Number of protein chains: 2
Amino acid sequence: MSATPRTRPEKSTLSLDAIVTTTLALVDELGYAAVSMRRVAQALETGPASLYVYVRDRHELMSLTYDLAIAEVVLPVESDGDWRARLELLVDRIVAALGSHDDIASIGLSDVPTGPQSLRVTEELLRLLRAGGIDDAACAWAADLFGQYISSSALEIAARLRAQRATDPTHASEAAMSAAMSAHLDAVYRDLPADAYPTIHALAPLLTGGEGGKRAAWKLRVILDGLLAQG
Amino acid sequence: MSATPRTRPEKSTLSLDAIVTTTLALVDELGYAAVSMRRVAQALETGPASLYVYVRDRHELMSLTYDLAIAEVVLPVESDGDWRARLELLVDRIVAALGSHDDIASIGLSDVPTGPQSLRVTEELLRLLRAGGIDDAACAWAADLFGQYISSSALEIAARLRAQRATDPTHASEAAMSAAMSAHLDAVYRDLPADAYPTIHALAPLLTGGEGGKRAAWKLRVILDGLLAQG
DNA sequence: ACCTGAACACCGTTCAAGT
DNA sequence: ACCTGAACACCGTTCAAGT
């Protein structure tokens, strides 16, 4: 009977790394909105006040967690194709990485992310645009536009995954969920008075239809084609 | 001395309209995140539980408030120009309306807005795209893309206005605030190791520069040019 | 220096009870 | 039907006090 024996891994001293890693895991498990300072502290077997030694507030913790999510993004390589193919791949990967961690992407809409991982992917994004012969001013503004596209697309994906988990926790086919989701929206559009909303009514099936991947690829093509149409 | 005299306008019976109008006013005054069910109730001189007679939860209240914000959007008329000029004007007006009510635009990123005012502007957006000869499938996907652009742009504007109010509550020039804002970001980019981030370093002044209006017009032109490049 | 118990000032939502 | 007091189960953040 020496000092109180414990089953947990020797109380693992607190660190910023441990806090941020735990936060990302909790975001995945509980969702962004449900991750409180108190829950993070609980998961680390400490009190909420202890977190404030490492982090100014919840927003700063989430900004750090955002950067950790971005760390998952593998930069495209030369064999992935020309600058444009690689740029599309890079954007898709950032969207996928953020979208898989619930609403962590919301950080990117209120902040300009400046963590090391965000800078890494931004550097590559700008490098590829420049390699494509886009002029410097356009590169800068395009990065802004891609940032908006990335954040909003990631949130869209996160919302879809959340709805999927809510209606079907056993991970059924994506088609099943897509159907449940657009069924409601389709009903809204179909029940609309056709004389007041003729265009929505006419396009109703197209508004809710379209597999996610093709839609996303189309949108990215629109932005890139538009970019090349400037200057 | 009859029944307790009151200075307030005879206790104004509760209604969904009054609740939503009050909520939008509070969003403007306190900011989206600070508007709680309790504060709305307080402003209406009732208890928070009373709100739940009219509204399922906070999210539903905010969705209704979002639609009220959209009500401010005046549709462009024939004299505003051709379909493209009118579309650009419409998008600008939606962004401006949402952006002037703090983060109410965040509703548009998690929901597909289906309130009557949202449907009104969506109908016009789709009608203009169709008038431009865009094919039906592209119209539907373009509406989605414009929706992302609108919501994220509005949040960007709201964040800028918030920062402006925080640093300068006396409504000084926009230039002053813009300087304060980009000063910090500029510093971040300039202090970056030029060998690790050569492109960011090279483009630093362009990344933070550029007046808001020109930047926004450029982004919208990119999307529209890209749209016309399809099919 | 690092950590934390306890407190402060809040939340959204529910529900039994009232009119 | 409409309203609400009171409660439940939470929040983020601070700070004096401890090691």
Side-chain angles (χ1 to χ4, degrees), chain A residues 3-4 6 8-27 29-66 102-104 106-107 110-111 162 166, chain B residues 3-4 6 8-27 29-66 102-104 106-107 110-111 162 166:
Chain A
T4 55
R6 296 175 186 278
R8 57 183 154 104
E10 54 192 278
K11 169 66 190 170
S12 64
T13 167
L14 218 48
S15 74
L16 186 56
D17 251 37
I19 293 170
V20 175
T21 304
T22 298
T23 302
L24 187 57
L26 287 175
V27 166
E29 191 184 330
L30 310 169
Y32 177 81
V35 175
S36 62
M37 299 301 277
R38 294 171 118 100
R39 268 186 205 269
V40 173
Q42 189 185 41
L44 291 161
E45 298 180 280
T46 184
S50 302
L51 304 177
Y52 290 84
V53 175
Y54 299 91
V55 125
R56 188 196 308 276
D57 54 25
R58 183 183 189 269
H59 185 83
E60 186 179 293
L61 174 54
M62 288 306 178
S63 294
L64 294 165
T65 304
Y66 177 97
D102 198 62
D103 286 355
I104 196 74
S106 62
I107 289 295
S110 46
D111 285 4
R162 206 162 42 231
Chain B
T4 54
R6 297 175 186 276
R8 55 183 155 104
E10 52 192 280
K11 167 70 189 169
S12 64
T13 168
L14 219 48
S15 74
L16 186 55
D17 252 37
I19 292 169
V20 175
T21 304
T22 299
T23 302
L24 187 56
L26 288 175
V27 165
E29 190 184 330
L30 311 169
Y32 178 81
V35 176
S36 62
M37 300 302 276
R38 294 172 118 100
R39 268 186 207 269
V40 173
Q42 190 186 39
L44 292 162
E45 299 181 278
T46 184
S50 302
L51 303 177
Y52 290 85
V53 175
Y54 299 91
V55 123
R56 189 197 307 277
D57 54 23
R58 184 183 189 269
H59 185 83
E60 186 179 294
L61 174 54
M62 289 305 177
S63 295
L64 293 165
T65 305
Y66 176 98
D102 199 61
D103 285 355
I104 196 74
S106 62
I107 289 294
S110 46
D111 285 4
R162 204 160 46 230

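Just so it is clear, the model here is predicted, and its values are computed rather than measured. Residue numbers begin at 1 in each chain, while the letters A, B, ... track the order of the sequences.
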Residues touching DNA chain C, which here means a heavy atom under 4.0 Å, drawn from residues 33-41 of chain B: B:Ser36, B:Met37, B:Arg38, B:Arg39
Stretch residues 54-62 of chain A: residues that reach within less than 4.0 Å of DNA chain C through a heavy atom: A:Tyr54
Stem regions touching DNA chain D, defined by at least 3 consecutive Watson-Crick or wobble G-U pairs below 3.5 angstrom: C:4-8 with D:12-16, C:12-16 with D:4-8
Non-neighbouring partners of A:Ser63 that pass side chain to side chain donor-acceptor pair (under 3.5 Å), sequence neighbours left out: A:Asp111
Any residue meeting salt bridge (Lys or Arg N to Asp or Glu O under 4.0 Å) with B:Glu60, in chain and number order, not counting sequence neighbours: B:Arg56
Distances under 3.5 Å between protein N/O atoms and the N/O atoms of nucleotides 15-19 of chain D, please, pair by pair.
none

Residues forming a side-chain contact (heavy atoms from CB on, under 4.5 Å) with A:Ala49, sequence neighbours excluded: none
Counterpart residues, side-chain contact (heavy atoms from CB on, under 4.5 Å), relative to B:Ala43 (two or more places apart): B:Thr22, B:Leu26
Sequence-distant partners of B:Asp57, side chain to side chain donor-acceptor pair (under 3.5 Å), two or more places apart: none
All side chain to side chain donor-acceptor pair (under 3.5 Å) counterparts of B:Ser50, not counting sequence neighbours: B:Thr46
Set of residues satisfying side chain to side chain donor-acceptor pair (under 3.5 Å) with respect to B:Arg39, sequence neighbours excluded: none
A:Tyr52: side-chain contact (heavy atoms from CB on, under 4.5 Å) partners, not counting sequence neighbours: A:Met37
